[in-house]
Student: 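Sending over a structure as structure tokens; questions will come in a sec.
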Amino acid sequence: MSGDDDNNSGAALDLGRDLMLAGSRLRDAVGRRAQREFGITALQSDMLLLLATRGSMISTELASACGVNASTVTHAVDAGIERGLMRRVRNEADRRLVDIGLTVAGKRMAERVRALVADLARSALEGLGTPDLAVLAESLAQVTRNLEKD
């Protein structure tokens, strides 16, 4: 292995660690503020944003998209239903499945969460100019596409 390969491997490892840390810190910040301001968890915030974008999902899809197991999603959905943010509806295409969707209140809460995420992202990106932000956005989109190939 050449010195350049060693350097590239080390740089990739450092960058991977930095990406994970930045994502974790942003998620933690969203979770803390969502809990404090709205009384919902980081997972519920993620679920609200996903459901607002996709309409409805079955619990296994939601669990996979959020990176948690199905029982964790079940508990978070139950809490969301108790708060009037989510609902379960029998899937029209396959009556054995249950779709999870947002209520009107859930859609409003998703908008509040979206604004909270945007505010935190603006703070996190302070000091980066417009050209840097464009490169960062495209680079992160490519990283996401690469990771979705697995």
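From a predicted model like this one, the values you see are computed outputs, not experimental measurements.
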Student: Does a side-chain heavy-atom distance below 4.5 Å link L102 with M86?
Tutor: yes

Student: Shortest non-hydrogen contact from R90 to R96?
Tutor: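 So the minimum-distance heavy-atom pair works out to NH1-O, 3.6 Å.
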
Student: Any idea which heavy atoms bring C66 and D46 closest together, and the distance?
Tutor: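 Scanning both residues, the minimum pair turns out to be SG-CB, 4.1 Å.
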
Student: Find the distance between CD (E37) and CZ (R112) and round it off to the nearest 0.5 Å.
Tutor: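 The CZ atom of R112 is 8.0 Å from CD of E37, to the nearest 0.5 Å.
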
Student: List the residues meeting side-chain contact (heavy atoms from CB on, under 4.5 Å) with Q35, not counting sequence neighbours, and say none if there are none.
Tutor: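 So Q35 forms a side-chain contact (heavy atoms from CB on, under 4.5 Å) with T41.
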
Student: side-chain contact (heavy atoms from CB on, under 4.5 Å) with E111: which residues, sequence neighbours excluded?
Tutor: R114

Student: For residues E61 and R54, determine if any side-chain heavy atom of one lies less than 4.5 Å from a side-chain heavy atom of the other.
Tutor: no

Student: Quick one: side chains of residues 73-81, donor-acceptor pairs under 3.5 Å with protein atoms, not counting sequence neighbours, listed by atom name and distance.
Tutor:
unit_1, atom_1, unit_2, atom_2, d
T74, OG1, A70, O, 3.0
D78, OD1, R88, NH1, 3.0
D78, OD1, R88, NH2, 2.7

Student: Only counting residues at least two apart or in another chain, list the ones meeting side-chain hydrogen bond (donor to acceptor under 3.5 Å, both in side chains) with S71.
Tutor: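 Result, side-chain hydrogen bond (donor to acceptor under 3.5 Å, both in side chains) vs S71: N69.
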
Student: Identify the heavy atoms of A105 and G84 that sit nearest to each other, and give their distance.
Tutor: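 Here A105 and G84 meet closest at CB-O, 3.6 Å.
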
Student: Identify whether I58 and V68 are in the same connected component of the hydrophobic contact network (ILVMFWY, side-chain heavy atoms under 4.5 Å).
Tutor: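 As far as the 4.5 Å side-chain criterion goes, V68 and I58 are not connected within one cluster.
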
Student: Main chain of V113, side chain of S45: is a donor-acceptor contact present, judged purely on distance under 3.5 Å?
Tutor: no

Student: Hey, mind stepping through K149 and N146 against side-chain contact (heavy atoms from CB on, under 4.5 Å) and telling me if it holds?
Tutor: CA-CA 6 Å; K149 291 177 186 175; N146 291 344; 3.6 Å; yes

Student: Going hydrophobic residue to hydrophobic residue with side-chain gaps under 4.5 angstrom, can you get from L51 over to V98?
Tutor: no

Student: Between T53 and L49 (side chain of the first, backbone of the second, donor and acceptor by atom type, cut-off under 3.5 Å), is there such a pair?
Tutor: yes

Student: Enumerate donor-acceptor pairs with a distance under 3.5 Å from any side-chain N or O in residues 116-133 to protein atoms, sequence neighbours excluded.
Tutor:
unit_1, atom_1, unit_2, atom_2, d
D119, OD2, R33, NH1, 2.8
D119, OD2, R33, NH2, 3.4
S123, OG, D119, O, 3.3

Student: Identify every side-chain donor-acceptor pair in residues 14-25 under 3.5 Å, counting partners at least two apart or on other chains, and give the distances.
Tutor:
unit_1, atom_1, unit_2, atom_2, d
D14, OD1, R17, NH1, 3.2

Student: Give, for atom CG of L48 and atom CD1 of I40, the distance between the pair rounded to the nearest 0.5 Å.
Tutor: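 One gets 5.0 Å once the value is rounded to the nearest 0.5 Å.
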
Student: Okay, side chain of R87, backbone of T103: is any donor-acceptor separation there less than 3.5 Å?
Tutor: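 No: the side chain of R87 does not pair with the backbone of T103.
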
Student: How long is the span from the CG atom in L147 to the CD atom in Q142, to the nearest 0.5 Å?
Tutor: 10.0 Å

